[in-house]
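Here the structure comes first, spelled out in structure tokens, and everything after it is commentary.
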Amino acid sequence: MGSLRGFYGSMVGKKVVMGVTGLIGVGFVILHSLGNLLVFRGPAAINSYSHFLKSTGELLWALRIVLIVAVILHVIAAVQLTQQSRAARPIAYTKQERQVATVASRTMRWGGALLLVFIVLHILHFTTGTIKPAGVFSPDDVYANMVTSFRIWWVALFYVVAMLALGLHLFHGAWSSVRSIGVSPPSPQPLHHRISLAIALLVWAAFTAVPLAVVAGIVR
Amino acid sequence: MNLTLHVWRQAGPKAPGKMVVYQATDISPDMSFLEMLDVVNERLTERGEVPIAFDHDCREGICGMCSLMINGVAHGPMKGTATCQLHMRSFKDGDTVYIEPWRARAFPVIKDLTVDRSALDRIIQAGGFITAPTGGAQDANTILVPKESVESAMDAAACIGCGACVAACPNASASLFTAAKVTHLGLLPQGQPERYRRALEMVDQMDLENFGSCTLHGECQEACPKEISMDTITRMNRDFIRGRLIGTRA
Ligand code: HEM
Ligand code: SF4
Ligand code: FES
């Protein structure tokens, strides 16, 4: 246990935890965003996909637990590292010009906080049905839940904004995590983010397409 | 050329500081940035005022003593160049130039623009050395080192310990400096015995010195006068993980 404490006690160790848990999240959002595209094939397709997932029982719960633990560890490490970094520069510059930091890298903290709020509300909305913006919720009819909810403009807007934050978070995170965990090979241009750009665009577009399609009346 | 300078003035470590405006007149574009400050200081001295304290030594880009946040950029606008090698031709007549010390909790201000960077020395003391007797020059030649390792080790060894990476980092992290040292020694055969212990001890010392954590913004690499690559940070993290999880035996 001593070595685990030494590991997590260090900022590098915390960052490695963020990287590993973040990559679990990246894998999850890729699969989840692709699964959602089944709404475009009609109610039967997505509802049977949802039944299939629920029929896996323990496997689904194992996956859920892994994801919940990953989010918790990710957030705890994020908060601790943010506090340490803030404390590391008590007197700010009068003038500081960022040279290469991207919008994505600079919004990891606020965007991450928005994602946390989103994750909680999203589970209460579509998984447990505790929050019913449309007044109705059926655990067996995922399609209807999506369509009735996204017809409400502010629900659709909230999802669209949260997915912008997710896209930015992925653009920086999918790239930085493999560096943090020490597996990225040396690169002649270390700041190149091509693969994470593709991941971020894919996930952002797939997730955003659903509420937009409902708003536009393509999915009804 | 004539410039308006906004300079951080602070009488001592505990004294309050503030930005003070000075006019730098009749500056030659061929002067280095530090020579421009020399001129300003000469005039301050003539007027009986206290000259602006700033760090410098070699003035040829090799010692790592010069610093300065110039218009919000560590070592100023010229990429891959230390402040002492920056020339006034990089500025325009009439420019306003903000000059501030490196800002980090680990780098307390000593006076005006000079800061105490001994935190970096303590990181070196924690592991930036080898214990293998390396003999004389001819002995070094008997140990074969792959060309790529030599090149990468030399690139990392170019770090002059100026601390610009810390100054430019939005988190005031010393990751690039520490990673440069870990990489430089860890790539060579003579550095192998302490390779993983070095990563652990230097990283732990970096934490103890109250630097921030790395978000991989890339500002360090951009600010570094020796253009040290942030690939070294990946390598440092890898050696740290290996050392913590598997052990420090090479
Ligand atoms: C869909 C969920 C999420 C995914 C897929 C995700 C993914 C990632 C990844 C891959 C990284 C890069 C880690 C590294 O550089 O080693 C990262 C960093 C970060 N994440 Fe998340 N994340 C998610 C949710 C959150 C949440 C809810 C927060 C809330 C606080 C958050 C805050 C952060 C912060 C602050 C960083 C940067 C930390 C730093 O380097 O200083 N993330 N995220
Ligand atoms: S890595 Fe570059 S910026 Fe950092 S201390 Fe070394 S030379 Fe200076
Ligand atoms: S004064 Fe020596 S590097 Fe600038």
Side-chain angles (χ1 to χ4, degrees), chain A residues 2-20 77-78 80-102 104-106 108-109 172-173 175-193, chain B residues 6 8 17 19 69-74 77 79 98 100-101 103-106 109 152 166-175 178 199-200 203-204 206-207 209-219 221-223 229-245 247:
Chain A
S3 79
L4 260 191
R5 194 174 308 144
F7 188 87
Y8 192 77
S10 147
M11 286 189 286
V12 170
K14 289 189 183 69
K15 195 62 205 291
V16 171
V17 169
M18 289 208 72
V20 171
Q80 290 175 327
L81 289 178
T82 302
Q83 284 171 342
Q84 277 173 307
S85 294
R86 293 246 163 97
R89 179 164 294 131
I91 303 172
Y93 291 104
T94 309
K95 210 170 147 93
Q96 185 173 21
E97 300 291 336
R98 305 279 191 250
Q99 303 296 299
V100 289
T102 58
S105 76
R106 294 166 65 179
M108 289 310 271
R109 289 166 189 169
H172 186 72
W175 166 84
S176 70
S177 49
V178 285
R179 298 190 149 256
S180 296
I181 67 175
V183 299
S184 182
S187 158
Q189 290 161 301
L191 278 169
H192 262 217
H193 290 40
Chain B
H6 292 247
W8 181 261
M19 298 298 281
M69 200 72 170
I70 301 168
N71 276 341
V73 181
K79 195 168 152 53
Y98 283 77
E100 295 177 76
R103 293 281 187 209
R105 181 169 164 206
V109 170
S152 302
V166 177
C169 174
N171 299 323
S173 166
S175 290
T178 309
L200 298 189
V203 164
D204 285 348
M206 177 168 80
D207 283 359
E209 300 290 349
N210 294 313
F211 289 104
S213 87
C214 176
T215 304
L216 290 154
H217 288 292
E219 293 289 340
Q221 171 181 280
E222 190 66 16
S229 167
M230 44 195 294
D231 283 339
T232 57
I233 298 177
T234 309
R235 195 184 158 85
M236 170 176 78
N237 286 14
R238 185 159 65 232
D239 280 2
F240 174 89
I241 295 166
R242 159 69 159 73
R244 272 281 174 243
L245 298 187

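Each chain gets a letter, A, B and so on, in the order the sequences are listed, and its residues count up from 1.
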Has [X] got a side-chain atom pairing as donor or acceptor with [Y]'s backbone, closer than 3.5 angstrom?
X      : Y      : answer
A:Y93  : B:R103 : yes
B:D207 : A:M11  : yes
B:N237 : A:S180 : yes
A:R89  : B:A167 : yes
B:E219 : A:R98  : no
A:K15  : B:S213 : no

Exercise. Measuring heavy-atom distances to chain A, does B:L245 have an atom under 4.5 Å in its side chain, in its backbone, in both, or in neither?
Worked result: side chain
For this session: Measure B:M230 against the heavy atoms of chain A and call it side chain, backbone, both or neither at under 4.5 Å.
Result: both
Shortest non-hydrogen contact from [X] to [Y]?
X      : Y      : result
A:S184 : B:R238 : O-NH1, 4.1 Å
B:E222 : A:Q99  : CG-CB, 3.6 Å
B:G212 : A:A88  : N-CB, 3.3 Å
A:S10  : B:D204 : CB-OD1, 4.1 Å
A:E97  : B:V73  : CB-CG2, 4.0 Å
A:P90  : B:A104 : CD-C, 4.4 Å

Highest number of heavy-atom pairs under 4.5 Å with chain A: which of [options]?
options                        : answer
B:C169, B:A74, B:A223, B:S152  : B:C169
B:R105, B:R242, B:M236         : B:R105
B:S173, B:S229, B:P170, B:G218 : B:P170

Interface moiety of [X] toward chain B, non-hydrogen atoms closer than 4.5 Å:
X      : result
A:R106 : both
A:Q84  : backbone
A:A104 : neither
A:T82  : neither
A:V16  : side chain

For this session: State the OG1-CG distance between B:T215 and A:L81, to the nearest 0.5 angstrom.
Result: 7.5 Å
Are side-chain heavy atoms of [X] and [Y] found at a separation under 4.5 Å?
X      : Y      : result
B:D231 : A:R179 : yes
A:V100 : B:Q221 : no
B:L216 : A:S105 : no
A:K95  : B:N71  : yes

For this session: Establish, yes or no, whether a centroid distance under 6.0 Å links the rings of A:F7 and B:F240.
Result: yes
